[in-house]
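Take a look at the structure below.
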Number of protein chains: 4
Amino acid sequence: MTKVPEEPEQQRRLPQQARSWARFNRILDAAAELFAEIGYESVTTDEIAARANTSVGGLYRFFPDKLAVFHAVVERYLNQLREMFAALHTEETTQLPLEVYIGQVIDAFDQFVTANPSYRAVFVQSRLVSTEIMAMDTAFNQEIAQQLSAFFALRNPALEASQRDLLATVSVEVASALEILSLTRDSKFQHLVLTEAKKLLFIYLRQYFPD
Amino acid sequence: MTKVPEEPEQQRRLPQQARSWARFNRILDAAAELFAEIGYESVTTDEIAARANTSVGGLYRFFPDKLAVFHAVVERYLNQLREMFAALHTEETTQLPLEVYIGQVIDAFDQFVTANPSYRAVFVQSRLVSTEIMAMDTAFNQEIAQQLSAFFALRNPALEASQRDLLATVSVEVASALEILSLTRDSKFQHLVLTEAKKLLFIYLRQYFPD
Amino acid sequence: MTKVPEEPEQQRRLPQQARSWARFNRILDAAAELFAEIGYESVTTDEIAARANTSVGGLYRFFPDKLAVFHAVVERYLNQLREMFAALHTEETTQLPLEVYIGQVIDAFDQFVTANPSYRAVFVQSRLVSTEIMAMDTAFNQEIAQQLSAFFALRNPALEASQRDLLATVSVEVASALEILSLTRDSKFQHLVLTEAKKLLFIYLRQYFPD
Amino acid sequence: MTKVPEEPEQQRRLPQQARSWARFNRILDAAAELFAEIGYESVTTDEIAARANTSVGGLYRFFPDKLAVFHAVVERYLNQLREMFAALHTEETTQLPLEVYIGQVIDAFDQFVTANPSYRAVFVQSRLVSTEIMAMDTAFNQEIAQQLSAFFALRNPALEASQRDLLATVSVEVASALEILSLTRDSKFQHLVLTEAKKLLFIYLRQYFPD
DNA sequence: TATGAATGAGACTTCATTCAT
DNA sequence: GATGAATGAAGTCTCATTCAT
């Protein structure tokens, strides 16, 4: 639980050259994997550097300390998720039947989690690694819930704001939990659980959104 | 109250005297708190001992190493949860209306989690701390899901086993996720979320259990 | 390399009762074995106590600290050796042919070392354990050499004192080294080496003691 | 000069640069001194590092643990002794009169021991430090005795092998013991004892090697 | 008086971070 | 700019010694 340096110094220098950028990303990839595999504290900066085919010194050119690497990993995930959700909420989305919409969201999230196997294991640690990162994480969850809540408002303007927020928060949590559950066994199980997740959310939400 | 395991060298010596027993539990309490607060790796054995009002040496009389302390913490939680579920599934339970049954389970779990605030944060770490503990954890989840599945069988013998198991697993996961969510803000929020959890599970499960 | 408490406190109380005395000796036996097996520093007071069928507390009733146990072990060996040498040097000994005398001494020493298998391994450590014990050890060697030198004087009064002392010292050292060598393999080897030792010393000493 | 071993993980990394090499040797020197002065167990890795003008971390770059340092110290001595003995046994040596040969060997060994004052105290510990090191030590002694035995064979082909081996083993032991003894007092004593050692071995061996 | 639980100093070892090359 | 050797603070665990029971 170390303090993180102030924003401007968060990353020592944004890589300006292609080579640097590649290395920067390799470090983040390596770090994400390792954090997921053995946990933040157990990962050594040497290991990250080695897996990223660079040296400790190389790592410290981009990040002021180990915590900053974790921070950057989390931030990259959040940005990717943000993009994903943005892509999902175009104007036309409002017109989709609830069932279809739910299916799209769950599938998109599933693709993300499948494509980023370390995502989940990294996130469960954020609370423990630093309060600042925990806050970032919580804020993101609320941001997503807000987006969903706004979306609900469009669908049913009669719904009270507090009610909408609650629905959104609960939905996000349930979707997230079942997505993670789906990954714990084979791909048949994965499919079954995701199907069940869609049914569950649909049956739950349709009370509030009569068509 | 809670059973203490005797795997070879899991624990060095079981407390024989009331005094020792108290110390043993103080260590477990302190450890659970600390693991939850700052994570397994960040906790030092000195800290655990200090918070338990004893010395490192005292800790090492009961546990061969730091990992064994974590193990014992997890095991104590699992045993407490087992007891709780056992108490919940008496003969009469089968007669209860589904809605009432769901309410009882969620309330019981809520009481447990409220009484053991470190529970969740300890569990999300088990995967990272040791594969053995992760396995223990996974096995427990399946044990609980099995119990629930068996209970479902009594309610609706027509349901296929695989179907029941899926329902049970999903329900446990959803209940768990929402319970955790309920604790993230104030007690009003807690109440709202738990109420929503009950509604959600009821509406989901009643499809399979007509009355 | 800790300082040893002054003589009067060397042993906390000389055991006055038979039971105490037995325990005292059991401790010394256990300690000698352990020191020989794994070395002074590696031996724990708990181990000594356990092997002597008593408790640490019991050990500390007889000895102020661990070093005092080592000290007592060494002292017991030295006293036994003193007795042995005294028994060997009666009046008549002076009349024995040199060859017979040498044979008697070597055989006696061999019996002692065989009967006290830990003796050697304990002694090689004394230099490292405490300077005081090292001094005790050195003093003993000189004491023995002195006795031998005095014995030489009786046999050949013409020999200069310094010459005698040198002969005695060298003889003790050689006998000791070969005795230890004899123990490193099987009993056949032991016999061969001891025989060789007798021949070696005889051929060496007879120059100075013409019959 | 001295060969450095490369058993798996015996040493972490061989020094590549002159600077590192110097540090490596400083560590070995410091360690040898300390082991001789206060014994393996009493030496701390911090002390070794400090006396070698480096940090603990520096020590652990070269050696995986404290035991490996001891191992390396012993190995360095053995290699130096091997070199010494090899240099002593050229073709012409066979022609030397026995008395001259004995004188050369004892003087060479004396030079080695004088130049390496920690040698003896390190070796008497090997038995206690690790069985592997003890074995290495024993094997070396036999290697030397074998060499000597082979040399005896050239001098007197009529001698039986077992007889030769015994002579060689006894001679090595006696030479070694007296060399050690010679170092326990002043240089006058040293000279006297070494002279006596030469006489002793000559008178003993000449029986078997009638010029 | 005997026992063995408790204490805590201190040992070994790791690893984040720096900096000479 | 890149490398990786060096530093040393800090963590885990042991064990001599004490003392309540």
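Every chain is numbered from 1 and lettered A, B, ... according to where its sequence line falls, protein lines coming before strand lines.
With rounding to whole Å, B/F70 atom CZ is found 14 Å from F/dT12 atom P. The interatomic distance linking C/I38 (CD1) with F/dT14 (P) rounds to 14 Å, in whole Å. Remark: P of F/dA10 and CD of A/E41 are 14 Å apart, rounded to the nearest angstrom. Distance, A/I48 CD1 to E/dT17 P: 10 Å, rounded to whole Å. Per the geometry, CG belonging to B/D65 stands 9 Å off C1' belonging to F/dC13, to the nearest Å. Residue C/L34 contributes atom CG, which lies 13 Å from atom P of F/dC15 at whole-angstrom precision. Rounded to a whole Å, the CD atom of A/E47 is 13 Å from the P atom of E/dT14. Across the protein-nucleic acid pair, A/L59 atom CG and F/dA2 atom P stand 12 Å apart, rounded to whole Å.
One N or O on the side chain of A/E47 and one on the backbone of A/T44 form a donor-acceptor pair closer than 3.5 Å. Looking at D/R23, its side chain never comes within 3.5 Å of a backbone N or O of D/L59 through a donor-acceptor pair.
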Heteroatom pairs (N/O) under 3.5 angstrom, protein to nucleotides 6-8 of chain F:
residue	atom	partner	partner atom	Å
F/dA6	OP1	D/R23	NE	3.0
F/dA6	OP1	D/R23	NH2	3.1
F/dT7	OP2	D/R23	NH1	3.2
F/dT7	OP2	D/T54	OG1	2.8
F/dT7	OP2	D/S55	N	3.2
F/dT7	OP2	D/S55	OG	2.9
F/dT7	O5'	D/S55	OG	3.3

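You'll find that the side chain of D/K66 is closest to E/dT13, out of E/dA16, E/dT13, F/dG11. When distances are taken from the side chain of C/Y60 to each of F/dA16, E/dA16, F/dC13, the shortest belongs to F/dA16.
Aromatic pair D/Y40/C/Y40: ring centres not closer than 6.0 Å.
Within the 4.0 angstrom heavy-atom criterion, only backbone atoms of the sugar-phosphate kind lie near C/V43; the bases stay farther away.
Electrostatic pairing of D/R51 and D/E37 counts as a salt bridge here, judged by a charged N lying under 4.0 Å from a carboxylate O.
Contact of the C/V69 side chain with the C/F62 side chain is not registered, since no non-hydrogen atoms from C-beta on lie closer than 4.5 Å. Side-chain contact check for C/V122 versus C/F70: some heavy-atom pair is nearer than 4.5 Å. The side-chain heavy atoms of D/H71 and D/V129, taken from C-beta on, include no pair separated by under 4.5 Å.
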Quiz item: Reading DNA chain F 5' to 3', how would its secondary structure be written in dot-bracket notation, given Watson-Crick and G-U pairs with both distances under 3.5 Å, brackets [ ] for crossing pairs and | for partners on other strands?
Solution: .||||||||||||||||||||

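Considering only side-chain N and O atoms, C/T45 lies nowhere under 4.0 angstrom from the phosphate OP1 or OP2 of F/dC15.
Just one of D/V73, D/I133, D/V74 meets the side-chain contact (heavy atoms from CB on, under 4.5 Å) condition when paired with D/F123; it is D/V74.
C/N25 and C/R76 are linked by a side-chain donor-acceptor pair at a separation below 3.5 angstrom, with hydrogens and angles left out of the test.
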